[in-house]
Every structure is written in C-alpha cells, then in structure tokens.
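The structure appears below as structure tokens.
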Amino acid sequence: MESLFGDAYAPQDSKSNLYADIIMPVPIPKMFTYKIPRNFADEIGIGYRVIVQFGLKKVLTGIIAKVHQKAPKEYEAKPILDVLDTFATVNPLQIKFWVWMAEYYCCHIGEVMNAALPSGLKLSSQSKIQLNPSYDSDQSPYPLDAREEIILQALASKKELSYEECEDLLGIKSIQGIIKSLIIKEAILVFEKVMEKYSPKVESRIRLCPPYFSDIKALESLFKELANKPKQEEILLKYLQEIPIYQKPELNIKGLDKKVFTDAGMTGSSIKTLIKNGVLEEYKIIISRFEEMNATEEKIILSTEQDEALQQIKTQFEEKNTLLLHGITGSGKTEIYIQLINEALDSGSQVLLLLPEIALTTHMVSRLRKVFGSKMGVYHSKYSDNERVEVWNGVLSGKFSFVIGVRSSIFLPFDSLGLVIVDEEHESSYKQYDPAPRFQARDAVLMLAWLHQAKTILGSATPSFESYYNSRTKKYGYVFLDKRYGGASLPQYQLSDILVDKKKNLLKLDFTRLMREKIQETLNKQEQVLIFQNRRGYAPYIACDDCGWIPECEHCDVSLTYHQFGEEMRCHYCGFKEKVPRVCPACGSGKLGAVGLGTERIEESLSLLFPEARVARMDLDTTRSKYGYQRLLEEFGAGNIDILVGTQMITKGLDFEKVTLVGILDADRILFFPDFRAGERAFQQITQVAGRAGRREKQGTVIIQTRKPDQAIFGQVISGDYKNFYLQEMAERQRFFYPPFVKIIKISTRHKDYKTAEKAARHLHNLMGDIQVKKILLGPEKGLVGKIKNQYIYESFAKLDKSGNAQAHFKHELQGLLMEMQAHKDFRGTRFVVDVDPY
DNA sequence: AGCACGCCGACT
DNA sequence: GTCGGCGTGCTC
C-alpha cells in the first residue's frame with residue numbers, strides 16, 4: 001500500500017491531511033477531491049470503492065484514482081463516508097485504461113466507469129422518508145392537509161417510503177413540496193438508504209447433528225423411533241444413500257443440498273420436524289452462480305496446416321505485438337487459439353477472448369468449456385448483474401484466469417494479461433454506438449494489451465480493412481490459413497437475376513425460380529436450408545394502398561416498423577409503439593397493408609411456397625430471451641426445422657452438417673447501402689453466410705438473388721479473392737479520403753428546435769475549420785435520421801491525418817470549442833455528441 | 001446524469 | 001392567488 005503515496009510521502013508521520021481524487025459515475029469531465037478521514041488512511045488505496053456524498057444529499061460509489069496531500073484551494077473537501085472493500089476492486093492498469101479511453105473517445109471518465117463496472121458494484125442511495133419518532137399529531141401546532149395525512153398514514157404501516165412511492169400514492173408528479181412541508185411540521189425525517197445490489201447466491205444444506213453421524217448405535221435407535229414415521233425415515237435413508245457416513249463419517253460435514261430432497265418429492269415439513277428434533281441441522285453457504293465444470297478434453301491435435309500457422313504466429317510474436325490471423329471459414333482457428341491460450345495460461349498469464357455478441361451462445365463456448373473447465377469465465381450481455389459481479393470477482397480472485405466475453409469484457413479487472421484474442425474482428429458489434437463511451441473494443445483492446453505488455457491476435461475469415469491494411473504495412477503480423485479443416489470443400493455459388501425472373505413472371509413471393517427449385521431439391525434430400533436476410537433497411541412497415549400514407553414516429557424522423565405480434569407498429573429509436581389503425585388516417589381507406597421484406601414476411605412466404613416444410617425464423621424478436629437463441633439452434637441441430645430464416649445472427653456459429661443450401665435474398669440491399677464501407681460489409685456478410693453451407697464432406701450451394709449479377713464484387717466473393725477486392729476498394733478509399741487512410745470523427749449537434757440545431761451545427765463547424773491541423777471537414781448535414789426523441793440532429797465529419805498528433809490536437813481543441821458552444825446563450829439546450837471512429 | 005432553485009401559465 | 005411546469009446551474 002505504501003507505493004500508493006509514492007516513496008516521498010510518509011503518511012503515518014505526516015501532520016497534513018490526506019486527500020483522494022475520486023472517479024464518480026457521472027458525466028462530468030472531472031474527478032472529485034475528498035478528504036480521507038484519519039481512521040481510513042491505512043485501508044484505502046487506488047481502485048478502492050468508497051461511498052461519498054455527492055451533491056446535496058445523493059450518496060454514490062466512487063473509485064479512488066489518486067491519493068495525495070494537496071488540499072483543494074477553492075473549496076472545502078467533503079470526507080469519504082465509508083470504504084466498501086478491503087481490496088482494490090479496480091487495479092491501477094484499469095484506471096490508466098479508463099483515462100486513455102475517456103481521452104481517445106472524447107467522453108468523461110465517469111461514463112467509462114459506468115460502462116466498466118457492473119452495476120452491482122455501484123451502490124447508490126435512494127432518498128427515503130420515515131416518521132419522526134418525536135412527532136405527535138395531537139400535540140402538533142401545525143395542521144396537516146389531506147395529502148399529508150395520506151403520507152403519514154402510509155408511513156404508519158410501511159415504516160419507510162421512497163419519493164416515488166409517495167408520488168404513486170398521491171398520483172402526482174412531484175412530491176418535493178409536500179415533503180418539505182412535512183419536514184417543517186416536524187412530522188417526518190428524510191434519510192438516504194444505500195442499496196446493496198449484489199446478492200450472493202445462497203444454498204441451504206442439511207447435515208446430521210451429532211451424535212448421529214459418528215455413533216452408529218444412536219443412528220440405529222433413531223431409525224427404530226422413526227419406524228412409524230415413514231416420511232422422516234425416507235429422508236434419512238435418502239441422506240444416507242447420498243452420503244454414506246458408515247464408510248466415511250467425515251463426509252457429513254459437507255452435508256447435502258436441501259433441494260436433493262425436495263426434488264425427490266419429499267416435503268419440507270418433514271425436514272423441518274427432523275431439524276426441530278435435533279436430528280438434522282440446516283446451514284447456508286454462498287455458492288457460485290456458475291456450475292463447476294471439469295475439463296474433459298485433454299489433447300488438441302492440430303493438422304499440419306494449423307501447426308504451421310501456430311509456429312508462424314509464435315515466430316512473428318517475437319517481433320510484433322499484434323497479429324492478424326486470416327483464416328477462411330472452417331479453417332480451424334479455434335484449435336490454434338486453444339493451443340495459444342493453454343501456453344499463455346501455463347506461463348501464468350491471463351487470457352481474454354473476445355467474441356461478437358451473437359457468437360457467444362454457440363458451440364464455441366461449450367467447446368472451450370470442455371478444454372478449460374472452470375477456470376474459464378464467460379461474460380455475456382444477457383447475464384444478470386449478479387452474474388457479472390461474480391465474473392468480476394472471479395477474475396479478481398484468480399478463479400478465472402481465462403475469460404471469453406463480449407466487448408464489455410475488456411473492462412474486467414485483469415492484472416496480468418498475456419494474450420488477447422479478438423475473434424471475428426471485423427464484426428461491427430465490437431463498436432458501442434450509444435451511450436458513451438462510444439468505443440471500438442477491437443481497437444481499445446490493443447491499448448489494454450499494450451498496458452499489460454500482452455500479445456494480441458485478431459482473427460477473421462474476412463478481416464476488416466483496417467486490420468488487413470495494418471498487416472500489409474507490417475504494423476501487425478499476418479498469418480493466413482487457407483485450407484478448410486478436415487478437407488471440406490468450398491461452397492458452389494450461383495447468381496440468380498431477380499429482374500430476369502420478374503420479366504418472365506417467374507418471381508413468386510420474392511423468390512426466383514432457381515431459388516425455389518434449389519430449396520425444393522434440398523428439402524427432398526432431407527437436408528436443411530438457411531435463408532439470409534440483411535436487416536438494415538429491411539424493417540417492414542405499414543402503407544396505405546390508396547394514398548400511400550406511411551405511419552411515422554411522433555418523436556423521431558423515421559417510419560414505424562410493423563410487428564405482426566400484437567399488430568403493433570414500433571419506433572426502433574425511441575421505443576414508441578402504437579396499434580395498427582383500422583383505417584388510413586389520411587384518406588380513410590381500409591386498405592392498410594405491410595410492406596417490406598422483413599424476416600417475418602419471408603417466413604410466411606416460405607410457408608406458402610413450401611407448405612410441407614417446417615420453417616422457423618431467427619432474429620432479434622425470436623431470440624430476445626436468454627435462451628431463445630440456444631433453443632432455436634438446438635431445434636435446428638436436431639433436424640426439427642427444415643428452413644431457417646434469419647438476419648446477421650444466422651451467420652454466427654451455425655455449424656450443422658445438414659445445411660447444404662444457403663440463400664441470400666437481396667444482396668443489392670447490402671451492396672448499395674450509402675456508406676463507404678458498404679462494399680467491405682457486403683463481401684464480409686456474403687462470405688460469412690456462404691460459409692454456413694456444406695461442411696465436412698458435403699459440398700454446399702449458395703444462391704444469391706440480385707438485380708445486378710454482373711458486378712465485380714460477386715466474382716471476387718465467388719472466387720474468395722479477398723485480396724483483389726481489398727486492393728480495388730482501397731484505391732477508392734485512398735482517392736476519396738476514407739479510413740484507413742484518414743481518421744474520422746463524427747460530431748452531431750442536437751436540439752429540439754431544428755433551426756437552433758442547424759445554427760449551432762454551422763457555428764461549431766466554422767469554429768472547427770479554424771483548428772490548425774490538416775483535415776477535411778464535411779457537413780453539417782441533417783442526420784441520416786433527422787430527428788430522434790424529439791431532437792433534431794445535424795452531423796459534421798472531420799477527416800484527419802492519421803500520422804502525427806493531428807487527431808489528438810483536433811480532439812483537444814474540439815473539447816474547448818464544445819465548452820464554448822455550451823456556454824453560448826444562443827445555443828442553450830444544445831447537446832453535442834462526439835463519436836471517434838464512428839465506422 | 002440527478003437534483004435544487006427560480007420564474008411563468010391554468011386551476012381551486 | 002398557488003400548484004407545478006421545466007429552464008439553468010452545480011456537484012469536491
């Protein structure tokens with residue numbers, strides 16, 4: 001602990017007070033200095049969680065970032081109220097990482113803290129009221145009004161009430177006034193209650209009391225006594241069956257889970273009787289939320305190609321810290337990862353494996369579980385907060401030396417990472433868009449690895465252009481795996497021209513004749529089909545057949561998407577929802593219908609076209625629940641589904657031998673997305689979906705429906721010519737100044753009045769123009785979605801020189817400009833959002 | 001972000 | 001008249 005204060009300080013001898021700079025979970029660009037009370041001085045250090053008063057009454061958890069002796073000059077520091085732990089919840093490397101992230105992604109450190117800590121580790125207080133014990137309504141000189149009476153009556157029975165409860169009680173929006181009045185009348189007291197959010201999982205266990213577990217005679221006589229009490233006897237017999245104390249009396253101490261009895265249909269009341277009679281005792285232990293699982297798979301045998309790749313990786317790691325592992329789908333990257341993870345763990349380091357959200361529910365996890373057993377922690381976005389806290393603590397305690405997780409797992413408290421792997425590194429789900437910090441985990445993890453002096457592998461079958469570029473410029477190492485594992489063959493592609501079929505009237509329910517024939521063939525062979533539908537821009541909506549009216553969100557500048565379930569229309573941006581109207585509000589026509597190729601509609605069309613087939617759909621709607629995704633996968637794997645329709649999700653982790661046909665319904669939609677990355681994404685997506693077709697010995701078929709079959713990209717996808725595609729796209733990007741040749745920063749300006757939004761955006765844009773760096777400024781333009789949650793949005797883009805400190809300088813200047821803008825009276829109420837590397 | 005203070009409309 | 005709407009400013 002001494003190291004905290006630096007060698008120069010000797011706090012024990014010092015007369016001066018100690019202060020702590022504390023990170024608070026609020027979006028304020030500052031840390032806050034609090035006084036460390038003498039009695040805490042020895043039990044506090046960097047990364048400790050403390051409770052402090054923040055503002056007039058709020059009590060919050062903060063993280064100590066620095067301890068020093070400089071008393072703040074302009075204000076009196078408040079004292080730290082309490083220290084929550086006897087150890088550092090956050091380590092110094094993490095604090096450095098947070099500071100870096102806040103700077104790089106232009107956000108506040110409190111926002112990083114919020115994203116990093118599971119909320120179970122962030123205690124906060126809630127204001128509560130209670131009856132003033134010295135209050136006597138008969139003696140009180142102040143009469144209460146009707147509403148105050150209601151509150152007091154409620155307090156008589158409930159003891160304490162939160163502000164919200166009071167508001168609900170009276171059905172009003174703001175309770176402040178009444179509470180104030182009650183305080184003045186000395187009827188109530190206000191206090192802050194800190195809520196402990198994390199609760200450990202507790203198991204009730206049963207064991208025999210002495211002398212029964214060591215004294216056979218006592219036990220035998222006990223059985224005689226229970227001869228006419230069959231239920232109790234049954235419980236004892238069950239206990240002895242599970243725990244043979246005759247042979248091993250020492251087993252009794254560990255007892256038996258109470259559930260064992262209740263699961264076997266025995267009643268709790270008989271157990272209670274046995275406890276009451278001193279035969280059994282009940283005790284509670286804290287258990288993990290994660291099942292103990294032992295490693296079952298010992299040795300991984302690598303193919304020659306895999307082994308070669310492994311050796312190359314090791315050689316390149318001697319010189320480079322980051323490496324791109326470019327391995328085509330099915331080339332067996334996982335086995336290489338396992339080997340490297342094992343070696344890193346053996347050398348005593350920790351390992352982090354990042355996976356995209358949707359890949360984390362698949363067989364990859366169970367596969368790794370078999371190899372690594374319980375030392376592997378899983379950090380999932382669908383985990384409850386209690387589970388997250390347990391993973392966090394597991395990393396702290398050393399229980400988990402290896403974690404596989406989604407983007408937020410980069411925040412776990414590793415202290416000695418040796419290896420970081422980002423699988424499917426091209427996946428866009430590594431980028432957090434909202435709220436701040438708007439970070440790209442694939443990039444941020446490189447900083448994390450650098451802080452730990454760890455090695456990083458970026459793995460993909462279709463690398464992001466950034467990573468590929470970095471490998472070609474020798475910034476990263478590069479290893480290419482181009483053989484399919486187990487000698488499986490690549491799929492065979494066929495293009496199907498939508499327009500040709502349409503002319504000949506062969507297009508049925510959006511399926512071309514070729515597509516329909518191939519699906520039928522596959523079904524006849526008892527094999528399975530995947531139909532891929534890009535979600536972007538494909539949400540179905542309602543439109544009036546007569547006048548063309550389309551329902552729009554009241555708060556955002558988007559049309560509402562149609563959900564068959566409940567006949568509802570919803571806004572994807574603000575969550576607004578509404579029932580589908582019976583008649584068109586614009587013209588009174590009754591002809592309102594759904595438009596758009598949503599997965600729902602495709603599922604329907606397929607059922608009509610192939611009535612004998614079992615069709616299912618996999619998208620956000622059907623997999624929202626924790627195990628929804630897994631259940632669908634199991635059904636599909638078991639062969640209970642013939643055709644699976646899905647978005648993005650079906651490109652991940654589906655590895656079923658019986659899938660021999662993959663259909664891509666409208667490749668053009670991916671291709672013509674208005675974004676410089678459209679081509680790259682299209683290549684990635686088509687290749688990824690196609691990779692699901694035909695593994696092992698069966699060759700798969702991929703049918704791509706398009707209106708423009710003669711585009712170059714199709715040829716490149718079909719021949720798997722990633723490199724040429726890359727070179728061609730890169731020429732464009734260089735010419736038009738797009739990443740990876742420049743850095744992009746997006747600045748959006750939001751205001752509820754569109755004139756003000758536009759004015760503020762222009763003003764800011766002009767100011768940015770004066771920043772002295774080499775740059776190109778675009779905009780300000782109305783956002784792609786012009787209004788969200790009643791706020792009008794204007795966007796500017798800055799393209800900055802990659803080399804040197806152009807971007808650091810720009811960001812720094814920008815911060816200043818934003819402060820200036822915030823203070824400007826013409827632009828009151830304007831919000832600015834900075835997104836670095838928005839991609 | 002929350003939360004308190006302060007200044008204007010629609011109700012007893 | 002006041003209740004209560006939300007605009008503005010601060011948090012060590």
Side-chain angles (χ1 to χ4, degrees), chain A residues 17-37 40 44 48-82 102 107-117 119 122-129 145-148 151 162-164 166-167 170-184 190-195 434-438 750-753 756 760 789-791 818-833:
Chain A
N17 284 316
L18 278 176
Y19 295 90
D21 290 346
I22 298 181
I23 303 169
M24 300 302 295
V26 287
I28 303 168
K30 270 186 200 175
M31 292 195 204
F32 295 83
T33 306
Y34 284 83
K35 193 149 71 184
I36 302 176
F40 288 148
I44 264 183
Y48 277 59
R49 292 187 305 153
V50 291
I51 296 271
V52 295
Q53 194 185 95
F54 189 73
L56 286 171
K57 50 187 219 175
K58 204 87 190 145
V59 176
L60 293 176
T61 305
I63 298 284
I64 299 202
K66 195 180 168 190
V67 176
H68 57 83
Q69 290 173 302
K70 268 184 270 159
K73 290 191 191 77
E74 293 90 41
Y75 54 87
E76 181 70 22
K78 284 183 189 168
I80 287 171
L81 297 178
D82 208 349
C107 65
H108 311 304
I109 192 144
E111 293 173 316
V112 181
M113 170 181 170
N114 257 334
L117 281 188
S119 48
K122 285 173 292 195
L123 310 180
S124 68
S125 68
Q126 202 182 15
S127 300
K128 299 255 188 182
I129 58 168
D145 70 21
R147 289 188 295 190
E148 291 169 353
I151 300 282
S162 70
Y163 283 25
E164 293 78 59
C166 294
E167 283 161 6
L170 297 179
I172 57 170
K173 272 205 173 172
S174 169
I175 195 78
Q176 305 293 354
I178 290 160
I179 289 191
K180 232 184 205 169
S181 154
L182 280 168
I183 294 170
I184 293 166
V190 177
F191 64 102
E192 290 294 303
K193 186 167 186 174
V194 176
M195 313 294 228
D434 212 43
R438 298 176 171 78
R750 310 179 181 197
H751 195 272
K752 64 178 170 27
D753 173 60
T756 315
K789 291 181 195 163
N790 288 323
Q791 298 253 313
L818 292 182
M819 300 276 261
E820 204 177 298
M821 293 291 296
Q822 298 279 16
H824 200 303
K825 65 174 171 25
D826 290 357
F827 307 131
R828 272 200 203 112
T830 314
R831 283 212 332 121
F832 299 97
V833 174

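Throughout, a chain's letter reflects where its sequence line sits, starting with A, and its residues are numbered from 1.
- Counted within 6.0 Å of NZ on K66(A), heavy atoms from surrounding residues, nucleotides or ligands total 12 or fewer; the atom is thus considered open.
- No donor-acceptor pair closer than 3.5 Å links the side chain of H108(A) to the backbone N or O of G110(A).
- K58(A) pairs by the side chain to side chain donor-acceptor pair (under 3.5 Å) definition with nothing, not counting sequence neighbours.
- Counting any heavy atom pair closer than 4.0 Å across all strands shown, Y34(A) reaches sugar-phosphate atoms only and no base atom.
- Residues forming a side chain to side chain donor-acceptor pair (under 3.5 Å) with Q791(A) (at least two apart in sequence, or on another chain): none.
- E74(A) comes within contact range of no nucleotide atom at all, as no heavy-atom separation falls under 4.0 Å.
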Candidate pair N114(A) and K122(A), rule side-chain contact (heavy atoms from CB on, under 4.5 Å), full reasoning: CA-CA 8 Å; N114(A) 257 334; K122(A) 285 173 292 195; 3.1 Å; yes

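- Summary of the strand contacts: I178(A) and G829(A) both lie near DNA chain C, and taking for each the nucleotide with the nearest heavy atom, the more 5' one is attributed to I178(A).
- The stretch residues 20-36 of chain A participates, sequence neighbours left out, in these salt bridge (charged side-chain N to carboxylate O under 4.0 Å, His left out) pairs: K35(A)-E76(A).
- Nucleotides of DNA chain C that come within less than 4.0 Å of any heavy atom of chain A span, from the 5' end to the 3' end, dG4(C) to dC12(C).
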Polar pairs (N or O, both sides) under 3.5 Å between protein and nucleotides 2-4 of chain B?
from	atom 1	to	atom 2	distance (Å)
dC3(B)	OP1	K58(A)	NZ	3.0
dA4(B)	OP1	K57(A)	NZ	3.1
dA4(B)	OP2	Q176(A)	NE2	3.3

Using atom names, set out every protein N or O paired with an N or O of nucleotides 7-12 of chain B below 3.5 Å, distance rounded to 0.1 Å.
none

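- Within the nucleic acid shown, P72(A) has no heavy atom closer than 4.0 Å to any nucleic acid atom.
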